[in-house]
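As C-alpha cells, the structure follows; a few thoughts come after it.
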Amino acid sequence: MVSVLTTLTIGQHQLSQAQSPIAPPKPAAASGEKTPETILVEGLGRLTLAKTLEGQQSTPNALIFSPDNQFVLAGGSDTDPLLRIWSVKTGQKVSQTRAQRTSVKALAISPNERLLVSSGSDGSINFWNLVEGKYLGIALEHGNTVLALAVTPDGKTLISGGLEGIRLWTVQPPRRPLYRLNWVGNFVYSLGMKSDGVTLASGHEDGEVHFWDIREGKFLSKFSAHPQAVSKLLYTPDGKNLITGSLDRTIKIWDTSNNKLLFTLIGHTSRIRSLALHPNGQILASASNDGVRLWDVTTGKQLAWFDNNSDWVESLAFSPDGQYLASGNYDFKIRLWQFVR
C-alpha cells in the first residue's frame with residue numbers, strides 16, 4: 001500500500017477561482033473542562049497527542065485511514081481541493097493530488113480495500129484503484145453537492161447522498177446508476193450502511209432519519225430524531241444501535257429494533273460536525289466548535305474532552321486497528337491521538 005498511496009495520480013481538473021478562507025471565531029473555553037495532552041480513557045488506556053501534521057492549506061473536511069493503518073488521507077476545502085496523504089509513522093506528507101474541482105466533502109474505501117472514492121461540492125464522484133495507484137476517472141456525477149458516501153459490505157454498490165437526494169451506483173465497471181431513493185426537497189446530510197448489507201439510514205435536513213431497503217430500492221420507514229438537521233449518523237458494527245448527531249448540538253443513540261431512544265449525549269456547545277466510532281463499537285468520538293469529546297456508547301457517559309487549543313474541529317477518523325484517532329481542525333492541522341496502555 002505504501003507505493004500505491006505515494007503514487008496516486010488523477011486526471012486534469014480545473015480548480016475553481018481561489019477565495020480567501022474566512023477564519024471562524026474561536027469558541028469560548030469550557031470552564032474547568034480543559035484537559036492535558038495525555039488523557040485517561042476508561043477501557044482504552046491513555047490517549048496521547050502523538051503527532052501534529054502540518055502542511056494542509058485549508059481545513060481538512062474529510063479524513064480516512066488506509067486499511068493497513070500506515071496512512072491518513074485528508075480532503076481539503078474550496079480553496080484547496082486536494083487529497084493529501086500523510087505517514088502515520090513519521091507524520092510527514094508523502095503525496096498529494098487534486099481530488100475535486102471544489103471542496104472534498106467525503107471519502108470512502110471499499111470493504112475489499114481496493115477502491116478509494118471521493119465526493120464534493122462540485123457534484124462529482126472520483127475513483128482510484130488503491131492496489132495499482134491508478135486514477136479511474138469521474139465515473140459518476142450528481143447535479144449538486146455530494147455530502148456523504150457509503151459502500152455496501154459486499155463492495156458492489158456505492159451510495160451517495162447530498163443536496164439532490166440519494167443515488168445508488170454499481171461499483172464494478174462499467175459504473176452506472178442503479179436508481180434514486182429520493183429526490184430534491186429534503187437535503188441528505190449523512191448516510192449509514194447497516195452490517196446486514198440491506199438497510200440504509202439517511203439523515204435529513206428536517207431532523208428525520210429515513211430507512212431504506214437498498215436491495216429492493218424502496219423506502220421502509222422514518223422517524224423524527226432531532227429538531228434540526230441530522231448532520232452525521234452511523235451504525236454500530238453489530239447493527240444494534242444507530243448514532244445520530246445534529247445541528248441541535250446533541251448526539252443520540254437509538255435501539256434499531258424499535259427506534260427507541262437510549263441516550264442523549266449533551267455537552268457540545270455547537271453543531272455536531274463529525275462522528276467516528278472506534279472499531280470496538282463502544283467508544284464514540286464527536287467533533288464540534290469546542291473540540292472533541294469521547295463517549296461510552298453502552299452507557300452514554302462522557303469519557304474525555306479535549307479542545308485542540310480551542311479550535312473548531314471539522315473531521316474525525318479512527319484507524320482500523322483502533323490505535324489512533326485523527327482530528328482535522330480549522331487551523332489547517334491534523335492531530336494524531338494515540339491510545340497507549
Heavy-atom pair of closest approach, residues Thr90 and Lys51 | C-CE, 3.9 Å
Applying side chain to side chain donor-acceptor pair (under 3.5 Å) to Asp196 and not counting sequence neighbours gives Thr199
Can you name the one residue among Leu63, Ile64, Asn61 that meets side-chain contact (heavy atoms from CB on, under 4.5 Å) with Leu107?
-> Ile64
Shortest non-hydrogen contact from Pro279 to Pro320?
-> CG-O, 3.3 Å
Knowing that exactly one of Asp206, Thr264, Thr244 qualifies, which makes a side chain to side chain donor-acceptor pair (under 3.5 Å) with His226?
-> Thr244
Side chains of Thr52 and Arg335: does their closest heavy-atom pair fall under 4.5 Å?
-> yes
Angle class for the Phe187/Tyr189 ring planes (parallel below 30°, perpendicular above 60°, tilted otherwise)?
-> parallel
Aromatic ring proximity Trp337/Phe306, centre distance under 6.0 Å | yes
Between Val88 and Phe65, what is the shortest heavy-atom contact and its length?
-> CG2-CE2, 3.9 Å
SB check Asp80 Arg84 (cutoff 4.0 Å) = yes
Considering residues, nucleotides and ligands other than Arg273, do more than 12 of their heavy atoms fall under 6.0 Å from its CZ?
-> yes
Note, Val188 side chain near Leu181 side chain (heavy atom, < 4.5 Å) | no
Linking I/L/V/M/F/W/Y whenever their side-chain heavy atoms sit closer than 4.5 Å, directly or via other members, would Phe223 and Ile243 fall into one cluster?
-> no
Residue pair Val171 / Leu115: nearest heavy atoms and the distance that separates them = CG1-CD2, 3.4 Å
If the plane angle is over 60° it's perpendicular, under 30° parallel, otherwise tilted; pick one for Tyr135 and Trp128.
-> tilted
